[in-house]
Chemist: 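Okay, handing you the structure first.
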There are 2 protein chains.
Amino acid sequence: MKATAEAPANIAFIKYWGNADANLRLPHHNTISMNLSGAKTTTTVEFVSSLDADEVFLGGSKVDGTGAERVSKVLDHIRKISGNKQRARVTTHNSFPTAAGIASSASGFAALAVAAASAAGLSLTEQELSTVARLGSGSATRSIPDGFVEWHAGSSHETSFAESLYAPEYWDIVDIITVVDADQKKVSSTLGHSLADTSLLYPARLASMKEKVESVKRALAEKDFPRFGELIEEESLNLHAIMMTSRPSVLYWSPATVRVLQALREWRQEGLLAYSTMDAGANVHVITRGEDETAVTQRLQALKGVEKTILGKPAAGAHLVK
Amino acid sequence: MKATAEAPANIAFIKYWGNADANLRLPHHNTISMNLSGAKTTTTVEFVSSLDADEVFLGGSKVDGTGAERVSKVLDHIRKISGNKQRARVTTHNSFPTAAGIASSASGFAALAVAAASAAGLSLTEQELSTVARLGSGSATRSIPDGFVEWHAGSSHETSFAESLYAPEYWDIVDIITVVDADQKKVSSTLGHSLADTSLLYPARLASMKEKVESVKRALAEKDFPRFGELIEEESLNLHAIMMTSRPSVLYWSPATVRVLQALREWRQEGLLAYSTMDAGANVHVITRGEDETAVTQRLQALKGVEKTILGKPAAGAHLVK
């Protein structure tokens, strides 16, 4: 009744923003991502007959409130399909500092799904595990399969799952996670999702997504890095355009965010190809080819307001560790 | 055959971005603005029989290229309707430093239209003058009438003109033009306009403009400052969302732009109401009530990356000075 799993964070090239079904976390369109070697969560789930309620510990501290409720939602689903009624003790820790502003919900809920299923004695397929992870966090769906991943939007719990497009070694590109000092208050991703359709621009975003998913998949298939880079940077700015124009407006950027974005444009003019993609936060994920990783990292670290960089290489998905 | 006029810059609350007719500079929808006391252009036009070509001097330096061609386009129109065939010497200077990054084309072409018409002996109505100014720069249309102005999009040269909604003294609000250090290269407004319809989000922007114009006019009529502020900040972010998602992407912001935007959000939380609106550049126009001008100005000047502020109160439109 005990299992441990680890799962990677992932960076989305086509973003998930807004729900067709908020309870099931069903997105409006497919999304594309890459799992990251440099940021993972390890989670142990133990079902304990003496517990009255689930207990969640993150990095040694007890988690309450919404975070704990989301964990219980995943555990409830596991209990429902396994018939096991016991409450669980969940202990989890991240390989990256929580203050780094890297979203830990994707890796966290993917690791939880895999560990909880195993602890309950279930043998779920990768596809099934990705649907379970989704109940805790939409982006966690994509942290289950290996490497480069597509999440199929679907229209029900069973049909909204992720699968691997390519193994991690398929393409030597990297994500240099560029952590910037961000003093403004955060708006949670969950709240941001709920605001998406208040933006006057959101219908136009949705109308363009299907073609965009196809374009990114084609650039991936052809390993056309400049094309891929232009597409993912545009997609990220499109996402942040929706956030900025939501009611109320959500501006995740800090001054250093813009410094990085402008620097990348200059470097590309010089022929050093690196592109940005950003999630719901001020940090910039800088995507470049493996051969340019050192040069780009050095330049990023020299920019004012950049606190540190974390290297993410394409990585395997969630898996049991014991 | 000589006349001098001065005209104010203006700040748009509903922005002009993208043309229905690029040659005539006909916009897709009406726009709303306020003329600014703190930034004006003074222009003298003299028709001289001995000249073979128009001569343009800005702040003592001869202007060539596109800038001079745009001046000649306005003068050609004046020559056509007046029958006067002489070329002109145009001398112009701005009350604000040209390096300040404040668009001078609005005040410049409004002053040119008024001075050239008078120098050619024409007595044009305010409405006619605004159409002439528009041939040089779309936003110049709005610098002809007084105070708070609406530019009617129209569908031809004659029907695309501006008129005053309210005199300058109607409402005691101010524009604190916040000049930030911006080291990245500029993209001209004219080029930006031509890219507008390459953004996937542009159709949604256009679809929402008519209602937005009505909302801003209503907030103006009711002098509802918080509502007005929310509307104009959203409209500005909507404009920049289009710019960022154009192909190629145009990112006018600098790090200090974001610092100002985030600061305004904090101050509003404290109850100090000031809202942003931005044109095609990194500077932030901070709109606040007259009673809060001093407090907001002091706070803005204390922000890192803010080089200076220029105060713009609601102002009269273009007029002859001799």
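Note on naming: letters A, B, ... go to the chains in the order of the sequence lines (proteins, then strands), and numbering restarts at 1 for each one.
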Chemist: Could you state the interatomic distance from CD (E234(B)) to OG (S246(A)), rounded to the nearest 0.5 Å?
Modeler: 9.0 Å
Chemist: Indicate whether any N or O donor in one side chain lies under 3.5 Å from an N or O acceptor in the other, for R259(B) and S254(A).
Modeler: no
Chemist: Looking at OG1 of T245(A) and CD of E235(B), how far apart are the two atoms once the value is rounded to the nearest 0.5 Å?
Modeler: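 The distance works out to 11.0 Å.
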Chemist: Quick check: are there more than 12 heavy atoms from other residues, nucleotides or ligands sitting under 6.0 Å from CZ of R227(A)?
Modeler: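 Incorrect, the count does not exceed 12.
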Chemist: Tell me the closest heavy-atom pair linking I242(A) and L201(B), and the distance in Å.
Modeler: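 Here I242(A) and L201(B) meet closest at CD1-CD2, 4.4 Å.
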Chemist: Grab the two heavy atoms, one from M244(B) and one from L237(A), that are nearest each other, plus how far apart they are.
Modeler: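 Looking at all heavy atoms of both residues, the closest pair is O-CD1, 3.5 Å.
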Chemist: Stepwise, does the side chain to side chain contact (heavy atoms under 4.5 Å, CB included) test hold for S249(B) with E230(A)?
Modeler: CA-CA 9 Å; S249(B) 167; E230(A) 294 289 345; over 6 Å; no
Chemist: Where do T257(A) and V258(B) land on the side chain to side chain contact (heavy atoms under 4.5 Å, CB included) test, with the steps shown first?
Modeler: CA-CA 9 Å; T257(A) 305; V258(B) 171; over 6 Å; no
Chemist: With no hydrogens and no angle check, is any side-chain donor or acceptor of Q262(B) less than 3.5 Å from a backbone partner on Y252(A)?
Modeler: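 Side chain of Q262(B) to backbone of Y252(A), a donor-acceptor pair under 3.5 Å: no, none is there.
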Chemist: Out of H240(A), R247(A), E233(A), K304(A), return the one with the most heavy atom pairs under 4.5 angstrom to chain B.
Modeler: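 The candidate making the most pairs under 4.5 Å is R247(A).
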Chemist: Report, by ascending residue number, the residues of residues 202-213 of chain B in heavy-atom contact with chain A at a distance under 4.5 Å; give 'none' if the set is empty.
Modeler: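 The list, in residue order, reads A204(B), R205(B), S208(B), K212(B).
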